[in-house]
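For reference, the structure discussed in these notes is given below.
These figures come from a predicted structure and were not determined experimentally. Order of the sequence lines sets the chain letters (A, B, ...), proteins ahead of strands, with each chain counted from 1.
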2 protein chains.
Amino acid sequence: MSRKRWHSVKEIRIADVARLAGVSTATVSRVLSEPGKVRQKTHDLVMEAVRRSGYIPDSTARKLRTRRTMTVLVVAPRLTNPVFAEILRGVDDELTQSGYGIIIGNLDNRREREARYVDLALSRQVDGVLLLTGYIPADGTRDMREGGLPIVALCAAIEDDAIPSVVVQDREASRRAVEYLAELGHRRFGYISGTPGSIIEHERFRGFCEGIAAAGFRQDEIVRWEGPFVFATGVAAAESFLAMKDRPTGIFAACDESAIGFIKRVRAERIRVPQDVSVIGFDGIEFADYTEPTLTTFRQPLHELGCVGADVLMKLIRGEMTAGDWNVRLPLTLLERDTTGPVLHKDYTSLRRSAM
Amino acid sequence: MSRKRWHSVKEIRIADVARLAGVSTATVSRVLSEPGKVRQKTHDLVMEAVRRSGYIPDSTARKLRTRRTMTVLVVAPRLTNPVFAEILRGVDDELTQSGYGIIIGNLDNRREREARYVDLALSRQVDGVLLLTGYIPADGTRDMREGGLPIVALCAAIEDDAIPSVVVQDREASRRAVEYLAELGHRRFGYISGTPGSIIEHERFRGFCEGIAAAGFRQDEIVRWEGPFVFATGVAAAESFLAMKDRPTGIFAACDESAIGFIKRVRAERIRVPQDVSVIGFDGIEFADYTEPTLTTFRQPLHELGCVGADVLMKLIRGEMTAGDWNVRLPLTLLERDTTGPVLHKDYTSLRRSAM
DNA sequence: TCGATTTTTGTAATCGATTACATCTTGAGA
DNA sequence: TCTCAAGATGTAATCGATTACAAAAATCGA
């Protein structure tokens, strides 16, 4: 009753328009969805009736009949991370062209929320799913796949070969990061991780280790700090770093935010970047252009990632391709900026001591 | 036909479950949506059939019949702005409790996209709308309101008294910003605007002007730089600032991002913050905690804003309140940090010259 | 045990569009 | 003018759930 009030102003159905135009509902429907199927004269008559009545089709009824929702679900681990916001822009730009809408599933870093979105997808509220998260469990994705839902994984290839993926070359870039630091003369390395358990983190760490090996260093010489993809992880890493005696001089962070957190914290203790410690980030978020010093990092083609991912999903939905035989791996760009530099002293800690 | 393939694996309808359990569809429906209305024995029977068949109700059909979509539309001007991401978290947290889902309408700073979301709302795809944007035209909101849709405005009171709003005290805070700068001894002020035409910008500038007047300064003594709520606006303002002869010493930016852009740019020219110029931002985004120096700014209660806004919308949808007689204005907190300080010299430009 | 009442379950209408199929127009060609 | 195919339009079934109403079953008191 109270709800009724909200819908009381306009309640025009297709039948009303049909009556107004003196035609059948079928004709009205055709005018609105199959242009060219009706005679010009009738068409105009109907359009006039639509205009006059202010009729807007009920999309729910349409969806029920056509079995198409014209909506896709995008599951992201966290919205406040600019990386996802940027990818989302790409997705949005692409989907809009096909007339599709987006429902955002924000996990907010809480994995237990996944179930909700699996349900949502399985109850046929969407025509497809775009996974920006790296750790949806094989279970959920399997359910969706078996439910017959097109899925595309962005950001990280899910451990499920039947799902097409569009990802960046995380591993290659991470390897390159070490190589770059080594070229600058660094010999002791630190790694600030991303969300433990996420595939992205896994890939980046793996690339880092490969780089260490390739540069001829021993695995046990590296320091690894764990934490999610947030500023605080970098701060915590810095605390640990500051307490060390034999500090690494080349730090690779699995995301820009933790790199920035790290730098902020160590600079507060008068440690200079890059003279005392070099830091290289990952992602290339816009913030990284405005930190001081400007962060050296890998720029992800985020917008492109979103566009390509959405495009693949559209093809899947339209049945223009089969799942499983489609994988894209986009390259990253190393932005050489001001938080990395050559090693100046073998042991700057002793230098600092004398300076104090 | 190709579409069919995607739905071929599971096609279990409520009738199938009913047959399997040896009851009518009505009973199955009741078990699933009106617990306690069926006998325990029947209930178990049905649940077993549901479990065995893997039945998941078709939400579209349910929506059509119940006339409730259990979804709300949230229109945001731009997703990459962390302010909106944070508000969205609050909205999400609140709506989830009521079992509601979210469709995000991202304008991406392009006003012409509004029409799309007005259509979406009017075609009954959502039960309500949350407006995070400050500039949806009166037209669109009027259409929605007349279409009988509950709407709540966040971030800025729309020029439409019939719409409830939950906002922060933009004007008061902006006035306080000037007061604060004046207390520090500043006499020449600069204002970096937000997106022209947005109500938020309008309010903040108005507060700024009120502050100027209250502190006893003349309106024509202030400098105003225009641009959207992005980093680049601050950078552009800095360029202009650097080219000035008689520079202001107290700068108020309508958002943190432009404040940060400004600071980054002027520091590149060896202008010291806050010794040479004080800057105060607005929003209190997380990144502002990590800039160097740490930004002085107003912290918005973003999460709370989202929660309260969602709560009001829920009440509207449930008919527990009437539109128009509900307005909330949340206070902001001034974070006194390191980009503001007392005026050191009347004319630092001459000082700099002699130092060079 | 019986009837009245309450509880549980079933039947069928309904939500508002789309669309298969049937029917009616139209226009070209004979 | 008539025939026939092509094109336009109408009728009614359909999508898959919910729910008003009816009917049946269970419960209770006398």
Seminar exercise, completed: Of B:S24 and A:T60, the one whose closest nucleotide on DNA chain C sits nearer the 5' end is B:S24
Seminar exercise, completed: From OH of A:Y55 across to C1' of C:dT18 the rounded distance in Å is 10 Å
Exercise. Is the closest basic N to carboxylate O distance between B:R62 and B:D58 below 4.0 Å?
Worked result: no
Exercise. Within the pair A:R67 and D:dC15, is there a side-chain N or O less than 4.0 Å away from OP1 or OP2?
Worked result: no
Problem set entry | Whole angstrom value for the distance that separates P of D:dG16 from CZ of B:R68 | 22 Å
Exercise. What's the NZ-P distance between A:K41 and C:dT26, to the nearest Å?
Worked result: 9 Å
Seminar exercise, completed: Separation of D:dG16 atom C1' from B:I56 atom CD1, nearest Å, is 15 Å
Seminar exercise, completed: Here the distance between atom P of C:dT9 and atom CG of B:D44, to the nearest Å, is 11 Å
Exercise. So does B:R113 pair up with A:D92, basic N to acidic O under 4.0 Å?
Worked result: yes
Exercise. Can you find a side chain N or O atom of A:R39 that sits less than 4.0 Å from OP1 or OP2 on D:dT9?
Worked result: yes
For this session: From the options B:V118, B:I104, B:V126, select the one residue that forms a side-chain contact (heavy atoms from CB on, under 4.5 Å) with B:L73.
Result: B:V126
Exercise. Looking at B:I102, B:L154, B:V75, which one forms a side-chain contact (heavy atoms from CB on, under 4.5 Å) with B:L130?
Worked result: B:L154
Seminar exercise, completed: Stems for DNA chain D (at least 3 consecutive Watson-Crick or G-U pairs, under 3.5 Å) come to C:1-30 with D:1-30
For this session: Would you kindly give the CG-to-P distance between B:D16 and D:dG16, to the nearest whole Å?
Result: 10 Å
Exercise. So which nucleotide from C:dT18, C:dT14, C:dT9 ends up closest to the side chain of B:V38?
Worked result: C:dT9
Exercise. Is B:R19 paired with B:D16 through a side-chain N to carboxylate O contact shorter than 4.0 Å?
Worked result: yes
Exercise. Of A:K37 and A:A26, whose closest DNA chain D nucleotide lies nearer the 5' terminus?
Worked result: A:K37
Exercise. When you check the gap from the basic side-chain N to the acidic O, do A:R89 and B:D108 get nearer than 4.0 Å?
Worked result: yes
Problem set entry | Spacing of A:Q125 atom CD relative to D:dC15 atom P, expressed in whole Å | 20 Å
For this session: Using whole Å, report how far CZ of A:R19 lies from P of D:dG10.
Result: 14 Å
Exercise. If you check every side-chain atom of A:R65, which of D:dT9, D:dT19, C:dT18 has the closest atom?
Worked result: C:dT18
Exercise. Any idea which of D:dT18, C:dG10, C:dA17 is nearest the B:R62 side chain?
Worked result: D:dT18
Problem set entry | Proximal nucleotide (of D:dT18, C:dT18, D:dG10) relative to the A:R30 side chain | D:dG10
For this session: May I ask you to verify if any side-chain N or O of A:T27 is less than 4.0 angstrom from the OP1 or OP2 atom of D:dG10?
Result: yes
Exercise. Are a donor atom and an acceptor atom from the side chains of A:R67 and B:T60 found within less than 3.5 Å of each other?
Worked result: no
